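On a predicted model such as this, the values are computed, not experimentally measured, just so you know. Just so you know, these numbers use all the heavy atoms, side chains as well, and skip hydrogens, waters and symmetry mates. Here, residue 1 is the first one in the sequence, and each next residue gets the next number.
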Amino acid sequence: MSCLVFTAQSSFAQTNTSSFVPYQTDYYHLLKRYEIKRGKFFQPFHSSTLPISRYNIALFADSLANDSTKFLSQSDKFNINYLLTDNYEFTKKDSVKQKGILKYFYKRKPDFLSFLNDNYDMKLEKGQFDFVIRANPILHLGVGKDNTRDEMLTLNTRGAEVHGVVARRIGFYASVTETQAIFPRYVQNLIDSLSPDRSLENFVVPNEAFAKPFKENGVDFLRATGYITFNVAKVVDVQFGQDKNFIGNGYRSLVLSDFAAPHLFLKLQTKFWKINYTNLYTQMVADVQRANSLYPKKYVIYHHLSIDFSKKFNLGIFESVAYGRKDQGQNDTFDLTYLNPFIFYRAVEQGIGSIDNALVGADFKWLALKDFQLYGQFVLDELKVGELIDNNGWWGNKYGIQLGLNYIDVANIKNLDLQMETNIVRPYTYTHSSDEQLSNFVNYRQPLAHPLGANFMEFLGILRYQPIPRLNLTGKFIYAKTGEDSNGSNWGGNLLISNEDVDDTNEYGNTIGQGVETSILFGRLTATYQLYHNLFLDADVIQRNKTSAIVARDLSSTVFSVGLRLNIGQRLYEF
């Protein structure tokens, strides 16, 4: 095995700069599955900070293809071939070449248009290119029916993406999509709650930034992302642009997920030995429900240190701080103190007056047994040990816990994978005392971590089955218990509400799910068939039941939909 891995790595020796594969749960599940199947970590990437570069994914897939010690099903071989094909510019895969359409289009299987130049340096090995451009259309068309809405559900997304490498040193990515959609009622209810001032005609759509009305009951929004990436040293990768990031090993993240809108960021990843150290500096939008003014900016900064203590156990520790400035005339000022890449943010926050919002925590993943992975995450917003020992429900003991399990090839059934996960977050976690949304963990009025915000407990189970190479069947079950607000109350679940007055109202006796008792049962069955590379046909059914102590908030939804996707992931509103 070591000889095969060395051979695979040597074929990639010419470059390690590339664009990143946009975060999609199905795509990244493949990487997690084969890391578990491999039985030990793959050194070039740490999967707790996502997305991952195409170069490292190709390197990983190449090592799997050359590993004759693992028995692979036909579906596994198809998946590995898919990963190699999708990142062919970093492999020796000649099979992507084909006759093409009109000599210009789809000359290589994954790409509508592609240009690869390997003539600049004759010393390049076969499969290594000095200049790469790959361009593709993006399309997502869907129709459906929600029993709680009279009109048909529709989704119409069109766009394009381009990515590649220049001079083997600079990677780039850019995409733009335009979408008109009519969503299920439960999604529309969230849009309405996030967009209270509808006279502004500026709606907040989960996962997106600016949105405007479409027809009577729909939304219209544009998404544009893009970045460049390069190496400033052999062990330091830099990425700068506008996109999403994800921190954690679970289906959910209690630190940073893909739920909120894309954000401006600068990311530095330092990789050496068994260590991956990430510095992530982001600029986000504090609030959008205002007229005739620039949206106020805020800054959220992360440090994440990931260490492989063995070939099977990884531990990560992280810290983050959220802040904005609206004092002493320093509106939208970036505080240079936080640029320090090696410092404890809580000490910095206290040193400048303790006006910002710091989080610390840890995550882990452990390949505990054959075909099993355990993972978890812990987030600490604030804690007083004395209050915790007294067990009096002090509001300031704010933390979140995640525990999860991945089990592949369940009961020796090939390509049947099970994931189970529990997430618990105390009331008022991620919130802060600013009425201007400047220091809560929110971007564009959307939680940066879990879609439910805080004050909840959740259990989810996901069963994935790939009976034949091109067909994937997925079943999801989610149960959540949370507490909602009413009549101007603040029970700690809504991150948009300042916690400044909590000491006077709810100082003690706080419990998870307090407030208007609410439970959510969410079930989803999805069948996806891959017609061509990155061209998918989806059939989907959702059953969602929300039960509230306020009967008027009850909602039972049955949603059926079908869709066609090209070079884009599914829209997953699972809350």
Which pair of non-hydrogen atoms, one from Ser556 and one from Asn545, has the smallest distance, and what is that distance?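 Shortest heavy-atom separation between Ser556 and Asn545 comes out as OG-OD1, 2.6 Å.
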Evaluate the ring planes of Phe313 and Phe364, with Trp represented by its six-membered ring, and classify them as parallel (under 30°), tilted (30 to 60°) or perpendicular (over 60°).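 Ring orientation, 0 to 90° scale: parallel.
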Side chains of Asn217 and Glu151: any donor to acceptor distance under 3.5 Å?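 Glu151 vs Asn217: donor-acceptor pair found between side chains.
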Going by distance alone, is a donor N or O of one side chain under 3.5 Å from an acceptor N or O of the other, for Gln419 and Tyr251?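 Note: Gln419 and Tyr251 side chains miss the donor-acceptor criterion.
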Could you pull out all residues at least two apart from Phe265 that satisfy side chain to side chain contact (heavy atoms under 4.5 Å, CB included)?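 By the side chain to side chain contact (heavy atoms under 4.5 Å, CB included) rule, Phe265 matches Gln239, Asp243, Asn245, His263, Lys267, Leu280, Thr282.
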Give me each pair satisfying ring-ring contact (aromatic ring centres under 6.0 Å, His included) with a member in residues 530-571, each pair once, sequence neighbours excluded.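 ring-ring contact (aromatic ring centres under 6.0 Å, His included) check on residues 530-571 returns Tyr82-His533.
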Answer yes if the ring centres of Phe42 and Phe60 are under 6.0 angstrom apart, and no otherwise.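 Under 6.0 Å, so yes.
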Partner set under side chain to side chain donor-acceptor pair (under 3.5 Å) for Asn490, not counting sequence neighbours: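 Partners of Asn490 by the side chain to side chain donor-acceptor pair (under 3.5 Å) criterion come out as none, since no residue qualifies.
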Inspect the contact between [Y] and [X] and indicate whether a charged nitrogen and a carboxylate oxygen are less than 4.0 angstrom apart.
X: Asp220; Y: Lys215; result: no
X: Lys481; Y: Glu458; result: no
X: Asp371; Y: Lys37; result: no
X: Arg544; Y: Glu574; result: no

Evaluate salt bridge (Lys or Arg N to Asp or Glu O under 4.0 Å) for Lys32 paired with Asp417, printing each intermediate quantity in order. CA-CA 11 Å; Lys32 293 178 181 179; Asp417 299 344; over 6 Å; no
Assess the residue pair Tyr573 and Tyr186 against the criterion (ring pair (Phe, Tyr, Trp, His ring centres under 6.0 Å)); give the C-alpha distance rounded to whole Å, side-chain angles, the decisive distance to 0.1 Å, and a yes or no. CA-CA 9 Å; Tyr573 292 128; Tyr186 77 93; 7.6 Å; no
